[in-house]
Structure formats: structure tokens, C-alpha cells
There are 2 protein chains.
Amino acid sequence: MERVKEPCAPAEPEAPAESGKTRIQARNEARILDAAQEVFAERGFRGATVDAIAAKAGMSKPNLHYYFKRKSDLYVAVLRRTLDIWLEPFAELDPEGDPEIELRRYIARKLDMSRLYPDASRVFANEMLQGAPQLRGYLAGELRELVDRKAEVIRHWIARGVLSEIDPHHLVFLIWAATQHYADFDPQVRAVLGKRKLGEQDFADIEESLCRIIFRGLLP
Amino acid sequence: MERVKEPCAPAEPEAPAESGKTRIQARNEARILDAAQEVFAERGFRGATVDAIAAKAGMSKPNLHYYFKRKSDLYVAVLRRTLDIWLEPFAELDPEGDPEIELRRYIARKLDMSRLYPDASRVFANEMLQGAPQLRGYLAGELRELVDRKAEVIRHWIARGVLSEIDPHHLVFLIWAATQHYADFDPQVRAVLGKRKLGEQDFADIEESLCRIIFRGLLP
DNA sequence: CGAAATTTTTACCAAATGGTCAAGAAATAA
DNA sequence: TTATTTCTTGACCATTTGGTAAAAATTTCG
């Protein structure tokens, strides 16, 4: 039943392929995750149908169930993948670095994610709106610890006198809210700006405006 | 068929009761709207079931359908009610006022809404996440015009020299994102802060932190 | 090749769900 | 009271949906 193969070369030519997985397995699981992210993003967990995900992944529903037994498994898998991507640049904030440079880089990377992977952001937002039934534990555990650690970094900057006295947590929330807004509320943003799509230049403008306000403030 | 009554006193004792509506009608429609807002908020449009809404409103499903023919009618009604509430304080931004006072008041009122009517915010967020199928027209019409008008107010402040040069639209987005975040991402905020519920004091702190960053900036 | 494991498909439930209909219960008006 | 309108309900239906079983097709490997 379980695969016991792979006695050959360890280095795979294509996808990183978590060891213990067939080429087909890796490819199809990736396809399914991508399709699921799209569908979950635009319909929410309950609104997404396994049929729609399967169709978008180019396979039949029973075939999809061969890889992910339950719809919720798939949902959690999508969320975990998103979190892995999101965590990284946040964890890199360096207490010895210059806050303006460090935070600007973080904001830029977070905006990149909103631009490049808006669906990931939307699935996460959806999970929050529903009360985070799947991520509750993660939020109160891993995430909270990470944020607390980074709050220390911010306090360190304040103590060094290179940052104004502000509540680190609310600063983090502000950055998260502002950057994710452009993915999650994209229809509103586009409608108000009168644009058909937000391009690279738009996001460059967003970064500039956002950083100007956050670092220098509104008052002259 | 259609009601043609009400030849009596115009002043109703209780609910404002849109004219042309029975006491029972007004009461039940309000109950249904409140229930619908709750259910839509936590399950999204497709995830919400008419049964659940009817149950929460304390009536049977066919009875609910007597007041709202289709589930989507109900959804739109909830959204419109939210928008009416949200628009008001934004429209009040006064170009002749002091920007710090005007914007601070607006931020405070917007935070009040996140605290008092978080479900309304979540239903709206949900609609955005799904691509705003119901509000598309409204966003590109009414809302865009209003925002453009208020962008002029902000430019007026800049021209008067009482505000730094920033892009008015992105300032508005920043305020919206930051304030709504505390309703929409409530589970994450609570988990990270380690609080069971955000109270009035928490929101006072939020207002203070937010305004400090937005007006004075992070740099000392 | 041929056997074993893996992958895919066809056919199919049982439950949930949006919505309807016709009849009955309450109000309301005359 | 009686007639009329408004409100509520139980029974019901067509469709959708998550999920399964088992056989068929394909790949892998000795």
C-alpha cells in the first residue's frame, strides 16, 4: 500500500518533491492546491465545491479525493502553505538593523505578496472572517510567539531611540491591514481608483504612499 | 393584495417603520436583517443557509420567504444597510476644519463601528473577497464619487499647508484598512494580544496608537 | 513480459438546501 | 359578526454537494 520506493538518486530534476512522493503525486497535489486556493479565495470554505476545485485542477472529483480525503484537509493545506510564505519576511526583521530600512523592506515584501498571491491572502482573510476555526490553535501558539518576539525587536528600536514610542502590536496590525487590504479589497480599490487592474507601478505608488505616512506622518 | 391602509395617525409609537409597512412587517424585517447579518458574517453568502437565518430570527423558512423572496435579496438588503451607516461620517469630513481633528474624529467613529457592529463589517468584507458581485455598480458609482469628493478635501488641506503631501486615495484606504481590521481579523488580533475580547479600553488604545502613527509617523 | 502498486474513472448515495404551494391562523376593517 | 387582508406553517420537490465503492487503466519495477 504505502510507497516504499525511491532507492535511487535523491536529487529530483523538477519540483522539490517532498521525499516519499511520486512524481505524479507531487504534481497533482500542487495542481490541486493551486486550484483550491483559487476557488476557496472566491467562494469561501463552504461556498467552494469539491467539483469546482477538481475541474480547475483538471481532474475528476473522486480523483481529487484520492489525494485529499476531505475538503477540510485541502483547506488546511492551503492555509498552511500561505502561512509558511507569510511568516518568512516577518521573522527576518533584524533588531540591529535600521528600522526604516527594515520595516520598509518588510512592507515591500508584504505588498509583493498581495500583488503576486492575492488569492492566498483572500483565503486567509476568509478564515479570519469565519472566526478562524482551523487556525485558532496556530494563531494563539506559533503566531503569537513570533509576534511577541518581533514586538521585542520594535521595543529594542524604541529603546535605541531610533523609533518613536508606539505600541508594537498595533504597528504590526497596521502594516498587515494596510498591505493585505490591496489583495482582500481589490474590487473596492480598483473601483475607487477607476483602474481595471493594479499593476506593478500601482503597487510602487502604494509602497511610497504607505511608507511616507507611516514613517513621517500626516502633519507637516 | 397590496396594503392600502393607514388612513389613521401617521406617527408610530415604536420603530420608525417605513411608511406603507405593517407593525409586524417592520418588526419581522428588522429581525430577519439582524439574523441574516449574523449568519452571513460568519458563513459568507454561500455558506449561510436560509434555515439558519430563519431559526436565528425565530421563524420558519417559508415565513422568512414571505418577507424576502430570495436569499440574495436579503444579502443585498444587509449590505445596503451597512453602507448607509458607513457613509455618513466619511461624508462629514469638513474641508474648512483642522485635518488632525477631522481625521481623528473620522477614525474614532470608524473604530466605533468595528467595535459595535463587527458583523456588518464582516459581511462587507466577505462581499469584497468574492469580488463584489452585488456591490460592483455601487462601488464604481456612488462610492467612487464620494471618495473623489473627499480626496478633494484632502488636497485642499495639503494646499492650505496643514497636511503633508500624500496621495489622498491611499490615505483613505489606509484608514479603512486599519479600522476595519479590528472587526474583520478579530480572531487574529485577540489571539496575538492574548485577550478573550476587545473592550472599550482596547479600542481607545487602538485609536491612540493609530492616530499617533498616522499623524506623527514612526521616526523620532 | 508480468505482477504489484498506483492512479483514474464510472456509477452512485445520503444529506443538505433554496425555494414553492396550498391550506390554516391571526389580525384588521366594516 | 363577518369579510378581507395579512401572516404562518407543514409538506414537499428538484438540485446540489461531499463523499464512497469498486472496477478499470496506467505506471513501476523485478
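Lettering follows sequence order; numbering is per chain, from 1. Not measured: the values here are computed from a predicted model.
- Summarising the geometry, the separation between NZ on A/Lys69 and C1' on D/dG19 is reported as 9 Å, rounded to the nearest angstrom.
- Taking side-chain N and O atoms only, B/Ser60 has a distance below 4.0 Å to OP1 or OP2 of D/dT9.
- Across the protein-nucleic acid pair, A/Asp73 atom CG and D/dG18 atom P stand 14 Å apart, rounded to whole Å.
- Listed pair A/Gln25 / C/dT6 fails the phosphate criterion, with no side-chain N or O lying under 4.0 Å from OP1 or OP2.
- Between the CD atom of A/Glu29 and the P atom of C/dT8 there is a distance of 11 Å, rounded to whole Å.
- The minimum heavy-atom distance linking A/Ile85 with A/Met113 is given by the pair O-CE, 3.7 Å.
- Closest to the B/Tyr66 side chain, of the nucleotides C/dT8, D/dT20, D/dT8, is D/dT8.
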Restricting to nitrogen or oxygen on both sides, can you table the protein-nucleotides 12-15 of chain D pairs closer than 3.5 Å?
none

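- Among all heavy-atom pairs drawn from A/Leu198 and A/Leu193, the shortest one is CD2-CD1, 4.2 Å.
- Of the options B/Arg190, B/Arg115, B/Arg196, B/Lys195, a salt bridge (Lys or Arg N to Asp or Glu O under 4.0 Å) to B/Asp202 is made by B/Lys195 and by none of the others.
- Heavy atoms of B/Ala52 sit nowhere under 4.0 angstrom from any nucleic acid atom.
- Applying the 4.0 Å criterion to OP1 and OP2 of D/dT17, one finds that A/Arg70 has every side-chain N and O outside that range.
- Taking only side-chain atoms of A/Pro62, from C-beta outward, the nucleotide of D/dA11, C/dT7, C/dA11 with the closest atom is C/dA11.
- Atom CZ in A/Phe68 sits roughly 19 Å away from atom C1' in D/dT20 (whole-Å rounding).
- As rounded to whole Å, 7 Å separates atom P of C/dG18 from atom CG of B/Asp51.
- One can place CZ of A/Arg31 at 9 Å from P of C/dT8, the figure rounded to the nearest angstrom.
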**Report entry** Candidate pair B/Arg80 and B/Tyr138, rule side chain to side chain contact (heavy atoms under 4.5 Å, CB included), full reasoning
**Finding:** CA-CA 10 Å; B/Arg80 294 220 70 92; B/Tyr138 167 83; 4.1 Å; yes

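- Taking the side chain of A/Lys71 as heavy atoms from C-beta on, and the options D/dG18, C/dT17, C/dT8, the nearest nucleotide is D/dG18.
- In this structure, the CZ atom of A/Phe40 is 13 Å from the P atom of D/dT17, given to the nearest Å.
- In this structure, the nucleotide among D/dT27, C/dT9, D/dC7 sitting nearest to the side chain of B/Tyr67 is D/dC7.
- Distance NE2 (B/His65) to C1' (C/dG19): 5 Å, rounded to an integer number of Å.
- Nucleic acid contact for B/Ala48: sugar-phosphate only, since backbone atoms but no base atoms lie under 4.0 Å from a heavy atom of the residue.
- Residue B/Arg43 is the one, among B/Arg43 and B/Ile24, whose nearest nucleotide of DNA chain C lies closer to the 5' end (criterion: closest heavy atom).
- Side-chain contact between B/Glu207 and B/Arg104 is present, with heavy atoms from C-beta onward closer than 4.5 Å.
- Where A/Thr49 and B/Leu64 each meet DNA chain D at their nearest nucleotide, the meeting point lying more 5' is that of B/Leu64.
- Using the six-membered ring where Trp is involved, B/His181 and A/Phe173 have ring planes that are tilted, between 30° and 60° apart.
- Relative orientation of the A/Phe45 and A/Tyr75 rings is tilted, given thresholds of 30° and 60° on the angle between their planes.
- When the nucleotides C/dG19, D/dT9, D/dG19 are ranked by their closest atom to the side chain of B/Asn63, D/dT9 comes out on top.
- At a threshold of 4.5 Å between non-hydrogen side-chain atoms, the residues B/Ile214 and A/Ile214 do not count as touching.
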